[in-house]
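Just so it is clear, the structure is predicted and the values come from calculations on it, not from any experiment. As the structure lists them, so they are numbered: ligands from 1, and atoms in each ligand from 1.
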Amino acid sequence: MKFGGTSVGSAERIRSAANRVLERRSRKPVVVTSAVAGITDLLIRGAKLSLKHETEAGAIPDQILNRHRALVSEMFPAGAVKDRLLAHIQGVVAELRTLYMGVHYLEELTPRSLDAISAMGERLSCELVAATLEQQGIPAVAIDARTVVVTDETFGRAHPLVRETEERVRARLLPAVEAGKVPVLGGFIAGTRDGVTTTLGRGGSDWSAALVGALLPAEEIQIWTDVDGMLTVDPRTVKSARLIPEISFDEAAELAYFGAKVLHPATIKPAVEKLIPVLILNSMNPSAKGTRITADAPGEVGEPRAIAFKRGITVVIISQPRMLMAYGFVARVFEAFESHRTPVDLIATSEVSVSLTVDDPERLAAIQQDLVELGEVQVLRPMAIVSVIGRGFNRKPGLAGRIFQALHEVNIVMISFGASDVNVSLVVAEADAERAVRAVHETFFEGRR
Ligand code: ADP
Ligand code: ASP
Ligand code: MG
């Protein structure tokens, strides 16, 4: 059972999360928790401010201290548990101050230091959640996830080492479960073989939960969040978004990858491999059925299941009329991206030009320098990718027509259709994205039952 930041965002929510665990006690749950809502952002902001010598940075450890202290005071009566929790919070925050100071004086914030800093939210929340469970009569034990989830050393977006993690899950989690306890781990945080703190990337708690769930192995992985499940579109953009009761792994992964924040993109993989169903549930509305993600969810072939979108995209267009009928052009274009380790997402080509999108424009200037050798380079931004997700798209006549009809008033910059039969993606200017998403949603989901 994984609880996201808002699901542990207040005393009331933490208690209600504990109730969800209590209800399922006979199923021997293992709990994975995110940091308290907003804390990871705050930790990272403080690190960046320390680097820039901004005095505001000094206030952030206090904010984090006060927020957690207030939760503890609201939830626990005077006594040993409260004292232990307060001492833990004090200890972690003292460490945070030292790290901020280090960043300040060294004038350096490496991905490794940032991981040590951003991991603190989950180090705090897992103790709090475990103590709440105990308070409600559920024997629980907080386990430092950095000693369970083992990763490589790609700080900031580390990759789990499955074999090592499996051994630790066997050695540390299973005995606790067998002894009738509920282990509580922070999501998102992990450690290298040598015990250096790493993180799985923002939103990575889902991944921790799916990985641990797959390795136990669990009979089910429950992701408890602040919406009723996976919806046909982000409800923050389109109010009339609808619940998707059941969705296939492929579709869910595609949806996650193309921007639906409800699930971290890598989440699905460990569960898919072991055929463990993943449920998305609402901790604020526990009686709702949620979304069930399974290997082969039923659904109408060719009917879109959901719409996702991603802002902040850059489009690069390389044109070279002399390349007409020549070979090797596309290979050289990709070499430029590869040598600067920048992933390319969507691609469209014609005889004399290649258009592609990148998510991370950090190395774009260097890439552009390489590309001008190949032809004329045009860069468009900020753009957005709007993706229509479903399956069997290449077996359904008229689908593209309906999408284009919905977008007849929007300027489409790029199209990717047919690379997979589960996704049609379009690139539009960022300023047009919400309008495009609403129009496509209306066409496919509103008025349909
Ligand atoms: P948590 O803290 O529980 O991990 P997140 O904020 O990471 O929660 O993810 C939940 C949010 O994802 C929702 O509040 C919603 O705004 C957003 N979201 C984006 N696309 C979708 C979608 N298709 N279905 C449901 N939620 C979505
Ligand atoms: N707390 C981490 C974040 O905000 C991980 C997560 O919540 O999934 O990114
Ligand atoms: Mg999340």
Quick check for you: to the nearest 0.5 Å, what is the distance between [X] atom [atom1] and [Y] atom [atom2]?
X    : Y    : atom1 : atom2 : answer
Q63  : I39  : CD    : CD1   : 8.5 Å
H104 : K52  : NE2   : NZ    : 14.0 Å
I247 : F249 : CD1   : CZ    : 11.0 Å

Checklist entry - If you measure from atom 18 (N) of ligand 1 to every heavy atom of V233, V227, V8, D234, which option wins on shortest distance? => result D234

Checklist entry - Which of the listed options, T291, V262, V238, I247, holds the heavy atom that is closest to atom 27 (C) of ligand 1? => result V262

Checklist entry - Is it the side chain, the backbone, both or neither of H264 that has a heavy atom closer than 4.0 Å to ligand 1? => result neither

Checklist entry - What part of K261 sits under 4.0 Å from ligand 1 if we count only heavy atoms: the side chain, the backbone, both or neither? => result both

Proximal atoms of ligand 2 relative to [X] (non-hydrogen, under 4.0 Å):
X    : answer
S34  : 6 (C), 7 (O), 8 (O)
T40  : 1 (N), 2 (C), 3 (C), 4 (O)
G204 : 5 (C), 8 (O)
S205 : 5 (C), 6 (C), 7 (O), 8 (O)
R202 : 3 (C), 4 (O), 9 (O)

Checklist entry - Shortest non-hydrogen contact from L346 to V427? => result CD1-CG2, 3.9 Å

Are [X] and [Y] within salt-bridge range, i.e. N to O under 4.0 Å?
X    : Y    : value
R69  : D62  : no
K396 : E303 : yes
K261 : D206 : no
E442 : R438 : no
R20  : E23  : yes
K48  : E56  : no

Numbered atoms of ligand 1 (with element) below 4.0 Å of [X], judged on heavy atoms:
X    : answer
G5   : 2 (O)
T225 : 1 (P), 3 (O), 8 (O), 10 (C)
R236 : 6 (O), 11 (C), 13 (C), 14 (O), 15 (C), 16 (O)

Checklist entry - Do K2 and ligand 2 have an N or O pair less than 3.5 Å apart? => result no

Checklist entry - Quick one: does G203 get an N or O within less than 3.5 Å of an N or O on ligand 2? => result yes

May I ask you to check whether [X] has an N/O atom sitting below 3.5 Å from an N/O atom of ligand 1?
X    : value
D226 : yes
T232 : no
L231 : yes

Next on the checklist: Using the side chain to side chain contact (heavy atoms under 4.5 Å, CB included) criterion, which residues pair with V422? Sequence neighbours excluded.
Outcome noted: E254, R391, S420

Checklist entry - Do any heavy atoms of A37 fall under 4.0 Å from ligand 1? => result no

Item to check | Criterion salt bridge (charged side-chain N to carboxylate O under 4.0 Å, His left out) on D115 and R112, from CA distance to verdict | outcome: CA-CA 5 Å; D115 271 358; R112 178 172 165 151; over 6 Å; no

Item to check | Under-4.0 Å heavy-atom contact with ligand 2, by part of E122 that carries it | outcome: side chain

Next on the checklist: Starting from atom 4 (O) of ligand 1, what is the nearest protein heavy atom, named by residue and atom, and what distance separates them?
Outcome noted: K2 NZ, 3.1 Å

Checklist entry - Which residue holds the protein heavy atom closest to atom 25 (C) of ligand 1, what is that atom called, and what is the gap in Å? => result G229 O, 3.4 Å

Hey, can you pull the donor-acceptor pairs under 3.5 Å for the side chains in residues 184-196, sequence neighbours left out?
| unit_1 | atom_1 | unit_2 | atom_2 | d |
| --- | --- | --- | --- | --- |
| T192 | OG1 | D194 | N | 3.2 |
| T192 | OG1 | G195 | N | 3.3 |
| T192 | OG1 | V196 | N | 3.0 |
| R193 | NE | E164 | OE2 | 2.8 |
| R193 | NH2 | E164 | OE2 | 2.6 |

